[in-house]
**Q** 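Right, I'll just put the structure down here and ask away after.
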Number of protein chains: 2
Amino acid sequence: MKLTSEQQEIIERIGVFFERKGNQPILGRIMGLLLVLEKAEATFDEIQDYLSVSKSAVSNALTLLQTQNKVEYTTKPGERKRYFRLRVRSWRLDMQEDLEGIFRINVLLKDVLAARSSQNRDFNNCIFEFQSFIEFMRIEMPKLIEKYDQQNS
Amino acid sequence: MKLTSEQQEIIERIGVFFERKGNQPILGRIMGLLLVLEKAEATFDEIQDYLSVSKSAVSNALTLLQTQNKVEYTTKPGERKRYFRLRVRSWRLDMQEDLEGIFRINVLLKDVLAARSSQNRDFNNCIFEFQSFIEFMRIEMPKLIEKYDQQNS
DNA sequence: TTGTTAGTTCATAAAAAAGAGAACTAAAAG
DNA sequence: CTTTTAGTTCTCTTTTTTATGAACTAACAA
């Protein structure tokens with residue numbers, strides 16, 4: 001089975017997206033592949049074939065994706081192969097973590113302020129204001145998520 | 001002038017924070033340095049001294065930070081040196097961009113859905129739900145920011 | 001027991017990123 | 001002008017990342 005050029009293009013774009021988050025290229029492409037395949041799953045060697053990468057690269061990538069809870073596998077009775085697929089359910093948590101990651105500058109800025117004398121009031125204030133803004137967002141974000149869940153229940 | 005070990009430690013932590021966002025190590029350290037210095041500014045060679053890196057590394061890093069609008073410089077009458085400092089005011093916009101970056105998976109997932117047949121309904125639904133969640137966040141986030149600005153005006 | 005399949009591990013090659021240091025340039029100072 | 005200062009650019013080395021291919025292992029199959 002071959003991928004359409006539309007599928008290939010999406011895989012590359014998703015690859016780049018995850019690569020920019022600090023993952024190695026193959027990880028993103030595997031995610032893309034599993035998103036794009038109709039069955040939404042693939043065996044080890046299918047992944048190898050579709051993406052034309054080496055066994056070891058696939059093995060390492062899958063191990064990583066599994067420890068990151070992004071991928072899991074099932075087996076089928078009487079078959080030795082594993083069928084790998086995305087754990088889409090966990091993505092919302094992943095995204096919340098990503099957001100937390102952005103907001104984590106907050107902690108650093110608090111420490112910066114603690115380490116600074118009160119000498120340069122203007123600058124300190126500037127930092128403080130930004131830091132308050134993040135604190136606000138950090139507190140409101142969970143409320144927003146709650147709101148969403150109430151709307152959709 | 002020397003940095004205290006507390007200052008050095010904060011610089012490293014801020015360095016790592018920015019490095020993990022995909023910037024090269026020196027960029028983050030320069031940001032950290034400018035956050036930690038009482039004057040909140042430094043000349044080219046002060047940066048070199050404090051961080052003990054080469055001229056070229058400082059030059060490249062500063063150029064980059066300036067094109068990213070993270071740093072600017074002023075000059076003082078009768079002096080040829082430039083005084084580099086952070087553009088803290090723009091950080092809120094930067095952060096909004098970072099958030100947008102996270103939410104951009106949304107667009108990709110829409111394209112994924114468009115490229116998929118209706119064959120695998122379960123999976124499609126799963127993607128669609130996640131995608132709706134992001135769309136919700138993406139719409140609500142600006143409102144949240146507005147709310148903050150109203151509270152603090 | 002021997003073979004086969006499915007995947008892992010290890011040693012290394014290839015490519016990319018980060019940074020150093022010297023040569024260079026532009027502008028102001030003497 | 002010539003010199004000095006401040007910063008830039010270029011070349012090359014070091015380090016890190018990414019991926020390959022071959023050897024290896026575990027489990028089941030014949």
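Atom set for the values below is all heavy atoms of this structure, side chains included, hydrogens, waters and symmetry mates excluded. Numbers restart at 1 for each chain; the letters A, B, ... are given by sequence-line order, proteins then strands.
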**Q** What is the distance, rounded to the nearest whole Å, between atom CZ of B:Arg20 and atom C1' of C:dA17?
**A** 19 Å
**Q** Do B:Glu46 and B:Lys81 meet the salt-bridge criterion of a basic N to acidic O distance under 4.0 Å?
**A** no
**Q** For the side chain of A:Ser59, starting at C-beta, report the closest nucleotide among D:dG7, C:dT8, C:dA18.
**A** C:dT8
**Q** Whole-Å distance between D:dG7 P and B:Tyr83 OH?
**A** 10 Å
**Q** Using the ring of A:Phe133 (Phe, Tyr or Trp, six-membered ring only), decide whether B:Arg92 places NZ or CZ under 6.0 Å from its centre and within 45 degrees of its axis.
**A** yes
**Q** Could you state the NZ-C1' distance from B:Lys55 to D:dC10, rounded to the nearest angstrom?
**A** 14 Å
**Q** Can you measure A:Asn60 atom CG to C:dA11 atom P for me and round it to whole angstrom units?
**A** 14 Å
**Q** The side chain of B:Phe84 is closest to which nucleotide in this list: C:dG7, D:dG7, D:dT20?
**A** D:dG7
**Q** If only side-chain N and O atoms of A:Arg82 are considered, is one of them under 4.0 Å from the OP1 or OP2 phosphate oxygen of C:dT8?
**A** yes
**Q** Across the strands shown, which category fits B:Ile26 at heavy-atom distances under 4.0 angstrom: base, sugar-phosphate, nothing?
**A** sugar-phosphate
**Q** Take a 6.0 Å sphere around CG of B:Asn152 and say whether it holds more than 12 heavy atoms from other residues, nucleotides or ligands.
**A** yes
**Q** Should the side chain of B:Arg80 and the base of C:dA29 be counted as holding a donor-acceptor pair, with the cut-off at 3.5 Å?
**A** no
**Q** Given atom CZ of A:Phe18 and atom C1' of D:dT18, what is their separation to the nearest angstrom?
**A** 19 Å
**Q** Rounded to the nearest Å, what distance is computed from the CD atom of residue B:Gln24 to the C1' atom of nucleotide C:dA20?
**A** 13 Å
**Q** Students often get this wrong, so: under 4.0 angstrom with heavy atoms, is B:Val58 touching a base, only sugar-phosphate, or nothing?
**A** nothing
**Q** Under 4.0 Å between a Lys/Arg side-chain N and an Asp/Glu carboxylate O for A:Lys110 and A:Glu135?
**A** yes
**Q** What integer distance in Å separates A:Lys81:NZ from C:dT5:C1'?
**A** 9 Å
**Q** Below 3.5 Å, does any donor atom in the side chain of B:Ser56 face an acceptor in the base of C:dA20, or the other way round?
**A** yes
**Q** Have a look at A:Ala57 and say if it touches a base, only the backbone sugar-phosphate, or nothing, with a 4.0 Å heavy-atom cut-off.
**A** base
**Q** Starting from P on D:dG7, measure out to OH on B:Tyr73 and report it in whole angstrom.
**A** 9 Å
**Q** Verify, without hydrogens or angle tests, whether A:Gln7 (side chain) and A:Val36 (backbone) share a donor-acceptor contact under 3.5 angstrom.
**A** yes
